K.L.:
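Please read through the structure below; I'll follow up with questions.
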Amino acid sequence: MASPSKFKISCIQLAVSSDKSLNLQNAKNKILEASKNGAKLVVLPECFNSTYGVQYFDRFAECIPNGESVKTLSAAAKEANVYLIGGSIPEREEPSGKLYNTCTVYDPEGNLIAKHRKVHLFDIDIPGKITFQESATLNSGNSLTCFDTEYGKIGVGICYDIRFPEMAMIAARRGCIAMVYPGAFNLTTGPLHWELLQRARAVDNQFYVATCSPARDTSASYIAWGYSTIVDPNGQILATTDHKEDIIYADIDLEHLKTVRQSIPIYNQRRFDLYPNVAENFKE
Ligand SMILES: NC(=O)CC(=O)C(=O)O
């Protein structure tokens with residue numbers, strides 16, 4: 001049977017509390033709702049089952065694949081019959097005890113088919129606004145991630161990873177039709193860069209970009225921006241929301257992707273002969 005050329009993606013902007021069981025139950029209910037509304041690929045937010053903050057990662061951390069979050073997400077993907085990009089959870093690696101910010105991905109049978117550990121840790125200091133140092137407790141992942149579906153390959157990054165265009169470009173060159181980022185920008189960097197970065201990654205690579213944030217909780221120590229968004233290969237916003245709990249939907253249309261790449265053919269016009277290794281020092 002020919003692969004379908006269009007399918008629906010959905011991003012669930014979950015309200016996240018400090019009660020893990022409640023967060024898991026809420027995620028499961030919303031995954032089933034998204035599936036009933038036609039979604040074939042469902043996305044959850046960064047740290048969807050725990051409070052986001054360096055002081056919380058150890059308390060909420062689970063081993064993968066033996067923790068309760070993987071069990072719940074696997075069962076939810078199967079029951080809903082969807083591909084599920086399960087946001088992220090704090091992961092404890094055994095026996096090292098090292099912690100990671102990790103996204104797990106499931107197929108519609110509930111099999112764990114990919115795992116992405118946040119590669120670029122969120123270490124920033126904007127004086128008077130926000131200081132955050134994920135590297136105080138987390139380790140960074142060492143590989144890039146994409147997974148296969150019957151619709152095409154999908155790339156995965158987590159939040160701060162979106163600021164690094166090289167990662168999205170490699171996903172595009174590997175044949176990805178979309179890059180998906182569970183993420184939790186904040187009240188400083190959200191209005192500055194959240195939408196801009198998504199549209200930039202989409203236009204750079206002429207593929208779909210989707211982000212999924214937790215809903216905003218103004219009583220939390222880290223306040224998420226919200227505004228989960230789906231962008232098309234022309235950088236146009238197909239679906240977005242505000243800061244409250246919500247589910248957004250859009251079609252990923254492979255014919256549209258092909259048309260965009262044919263009309264403005266930058267994908268095939270790159271001069272890799274002039275920039276074979278951008279990490280090399282520039283020499284006059
Ligand atoms: N939370 C993040 O990882 C990233 C972020 O908020 C930002 O880049 O800004």
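Everything quoted here is computed from the prediction, not taken from an experiment. Whatever order the structure lists ligands and atoms in, that order sets their numbers, starting from 1.
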K.L.:
Is the ring pair Trp225/Tyr227 parallel, tilted or perpendicular, if the boundaries are 30 and 60 degrees?
P.N.:
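Parallel.
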K.L.:
Could you pull out every donor-acceptor pair under 3.5 Å between side chains of residues 77-84 and any protein atom, sequence neighbours left out?
P.N.:
residue: Glu79; atom: OE1; partner: Lys28; partner atom: NZ; Å: 3.4
residue: Tyr83; atom: OH; partner: Glu150; partner atom: OE1; Å: 2.5

K.L.:
Mind checking side-chain contact (heavy atoms from CB on, under 4.5 Å) for Asp19 and listing every partner two or more places apart, or none if nothing turns up?
P.N.:
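Partners of Asp19 by the side-chain contact (heavy atoms from CB on, under 4.5 Å) criterion, ordered by chain and then number, come out as Ser17, Ser21, Leu22.
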K.L.:
Got a list of side-chain donor-acceptor pairs under 3.5 Å for residues 164-185, not counting sequence neighbours?
P.N.:
residue: Arg173; atom: NH1; partner: Tyr267; partner atom: O; Å: 3.1
residue: Arg173; atom: NH2; partner: Tyr267; partner atom: O; Å: 3.3

K.L.:
Find out if a path of hydrophobic residues (ILVMFWY) with successive side-chain heavy-atom gaps under 4.5 Å connects Leu144 to Phe147.
P.N.:
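Per the 4.5 Å side-chain linkage, Leu144 and Phe147 are co-clustered.
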K.L.:
Counting only heavy atoms and a distance below 4.0 Å, can you name the residues contacting ligand 1?
P.N.:
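Contacts of ligand 1 under 4.0 Å: Tyr52, Lys118, Phe122, Cys159, Tyr160, Arg163, Ala184, Phe185, Asn186, Thr189, Tyr222.
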K.L.:
Are Val43 and Val209 grouped together when hydrophobic residues (ILVMFWY) are joined by side-chain heavy atoms under 4.5 angstrom apart?
P.N.:
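Yes, it is one cluster - the side chains of Val43 and Val209 are joined through contacts under 4.5 Å.
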